[in-house]
Amino acid sequence: MPELPEVETVTQSVKKHLINNRFTSLKVNWGKTLHNFTVADFNSRIKNKLIRDVYRRGKYILIDLNKSLLAVHLRMTGKLYASNAIDKSKKHISLYLKLNDKYLIFEDTRKFGRFYMFDNMDYLNEKLGVEPLLDDFSTDWILYNMKKKNRQIKPLLLDQSFICGIGNIYADEALWHAKIHPLSISSRISRKKLLKLREGIIKVLQESIKKGGTTIRDYTYDFVYVGNYSLNLNVFGKQGESCSRCQSSIVKTNVAQRGTHYCPKCQKK
DNA sequence: CCATGAACCTGGTCGC
DNA sequence: TGCGACCAGGTTCATG
């Protein structure tokens, strides 16, 4: 499900339920969900502590409990939402946390999603690259850093230690915007196209956040947001359809094991 | 440094 | 209707 705009949307939607509240218990149904801590750690460090803030970094949702951070990564199918009750008919609730008057539920069909506990942001800041919607992601930054790498642009855009938050949908959309072929080598892309790429990344992410993200597969969305950005997609999932710029047929291939959509006419190597 | 393939999981869809 | 193959918005690890 989630790339930066979807994670941002989920973060904002759970924030109002969590802030100034306290977790009173943790129930784990799928053990691997707790990546680097145990229920005992939860009890000693998070339980009954005041939640000060909830925010996003890359594709992580961060819950700030003053002396500890609880981090959530949704991976492919994770859904995080607040609810007044646990729906026993849901088959894939990996874990849930109890608040005073409601629950924070983590539902995850494919079980790839993870919860982490950190002392502070050092580890994630070390691991993650530039935030594409902050000023750090400047024109100078992209011109300088793309030149330093000799990598296929699509996998480079997906590398969270380079730029964080971009995933498969927005990588394809941003490359289409900039008319760059997904296999172009980063160091050989023209200055003009790199600037266009930066603009495209910011544009697709911001516009998607405005629409609440992109929803492609939505089995049950009882408590979960449904994003409307799918209406704005130009190449992702559009194989066989005509390019909105040049009318050529959009092609789907595989790059770095990921489905990759592009216009063979607009996006030359 | 960089690319590739497999692994982690479940379920939906497509072709026969 | 049934069944196998393939696909999925992500990340990590091992191997050339």
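Values below: all heavy atoms of this structure, side chains included; hydrogens, waters and symmetry mates excluded. By convention in this document, chain letters (A, B, ...) are assigned in the order of the sequence lines, proteins followed by strands, and residues within each chain are numbered from 1.
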Discussion item. Using whole Å, what does the distance between atom P of nucleotide B:dT10 and atom CG of A:Asp108 come to?
Written reply: 10 Å
Worksheet item: Under 6.0 Å from the NZ atom of A:Lys147, do we count more than 12 heavy atoms belonging to anything else shown?
Response: yes
Worksheet item: Do A:Phe112 and the base of C:dT11 stack face to face, with centres under 5.5 Å apart and an angle between planes under 30°?
Response: no
Discussion item. Among residues at least two apart in sequence or on other chains, which ones pass side-chain contact (heavy atoms from CB on, under 4.5 Å) with A:Lys91?
Written reply: none
Worksheet item: Above 12 or not: heavy atoms from other molecules or residues under 6.0 Å from CG of A:Asp135?
Response: no
Item to complete: Using only side-chain N and O atoms of A:Lys59, determine if any of them is under 4.0 Å from OP1 or OP2 of C:dG10.
Response: yes
Worksheet item: Heavy atom of residues 146-157 of chain A under 4.0 Å from DNA chain B: which residues?
Response: A:Lys149, A:Asn150, A:Arg151, A:Gln152
Practice prompt. Step through the shown structure and confirm whether more than 12 heavy atoms of other residues, nucleotides or ligands are within 6.0 Å of NZ on A:Lys193.
Written response: yes
Worksheet item: Given C:dG10, is OP1 or OP2 found less than 4.0 Å from the side-chain N or O atoms of A:His73?
Response: no
Between protein and nucleic acid, restricted to nucleotides 12-16 of chain C and to nitrogen or oxygen atoms under 3.5 Å apart, what atom pairs and distances do you find?
| unit_1 | atom_1 | unit_2 | atom_2 | d |
| --- | --- | --- | --- | --- |
| C:dT12 | OP1 | A:Lys127 | NZ | 2.5 |

Discussion item. Heavy atoms within less than 4.0 Å of DNA chain B: which residues of residues 27-34 of chain A have one? Give them sorted by number.
Written reply: A:Trp30, A:Lys32
Worksheet item: Does A:Arg22 use its side chain to pair, donor to acceptor, with the backbone of A:Asn48 at less than 3.5 Å?
Response: yes
Fill in: Atom-pair distance (CD on A:Gln239; P on C:dC6), nearest Å
17 Å
Item to complete: Please state whether the phosphate of C:dT11, meaning OP1 or OP2, lies under 4.0 angstrom from any side-chain nitrogen or oxygen of A:His35.
Response: no
Practice prompt. Output yes when at least one side-chain N/O atom of A:Lys252 is less than 4.0 Å from OP1 or OP2 of C:dC7, else no.
Written response: no
Worksheet entry | Euclidean distance for P, B:dA6 against C:dC7 (whole angstrom) | 13 Å
Practice prompt. Could you list the residues that satisfy side-chain contact (heavy atoms from CB on, under 4.5 Å) with A:Lys27, not counting sequence neighbours?
Written response: A:Asn29, A:Tyr96
Discussion item. Just to verify, what does A:Asn228 make a side-chain contact (heavy atoms from CB on, under 4.5 Å) with, not counting sequence neighbours?
Written reply: A:Lys211
Response to the item:
Walking DNA chain C from its 5' end, the first of A:Arg110 and A:Leu158 to be reached, judged by nearest nucleotide, is A:Arg110
Practice prompt. Name the nucleic acid region contacted by A:Gly113, choosing base, sugar-phosphate or nothing; use a 4.0 angstrom heavy-atom cut-off, strictly under.
Written response: nothing
Worksheet item: Got a sec, which hydrophobics cluster with A:Leu134, joining ILVMFWY side chains under 4.5 Å apart, including via others?
Response: none
Practice prompt. Find the distance between OG (A:Ser13) and CG (A:Leu80) and round it off to the nearest 0.5 Å.
Written response: 7.5 Å
Item to complete: Whole angstrom is fine here: how far is it from NZ in A:Lys111 over to P in B:dC9?
Response: 8 Å
Item to complete: Go through the side-chain N and O atoms of A:Arg188 and A:Asn150 and say whether any donor and acceptor fall under 3.5 Å apart.
Response: no
Worksheet item: What is the distance from NZ of A:Lys79 to P of B:dG11, rounded to the nearest Å?
Response: 12 Å
Discussion item. Once you apply a heavy-atom cut-off of 4.0 Å, does A:Phe236 come out as touching a base, just sugar-phosphate, or nothing?
Written reply: sugar-phosphate
Worksheet, complete the sentence: Members sharing A:Tyr123's hydrophobic cluster, built from side-chain contacts under 4.5 Å between Ile, Leu, Val, Met, Phe, Trp and Tyr, are A:Tyr55, A:Tyr60, A:Leu62, A:Leu69, A:Tyr116, A:Phe118, A:Met121, A:Leu124, A:Leu128
Item to complete: Write out all pairs satisfying side chain to side chain donor-acceptor pair (under 3.5 Å) with one or both partners inside residues 30-40 of chain A, taking only residues at least two apart or from two chains.
Response: A:Thr38-A:Asp41
Discussion item. Taking side chain to side chain donor-acceptor pair (under 3.5 Å) as the cut-off, I'd like each qualifying pair that reaches into residues 152-181 of chain A, sequence neighbours left out, listed once.
Written reply: A:Glu6-A:Tyr170, A:Arg151-A:Asp159, A:Lys154-A:Asn168, A:Lys154-A:Asp172, A:Lys154-A:Thr260, A:Asp159-A:Ser161, A:Tyr170-A:Ser208, A:Tyr170-A:Thr214, A:Asp172-A:His261, A:His177-A:Glu199
Worksheet item: Can you list the stems that DNA chain C is part of, where a stem is at least 3 pairs in a row, each Watson-Crick or G-U, with both distances below 3.5 Å?
Response: B:2-8 with C:10-16, B:10-16 with C:2-8
Response to the item:
side chain to side chain donor-acceptor pair (under 3.5 Å) pairs touching residues 242-257 of chain A, sequence neighbours excluded, are A:Asn234-A:Ser244
Worksheet item: Which whole-number value in Å describes the distance from A:Phe115 CZ to C:dT11 P?
Response: 16 Å
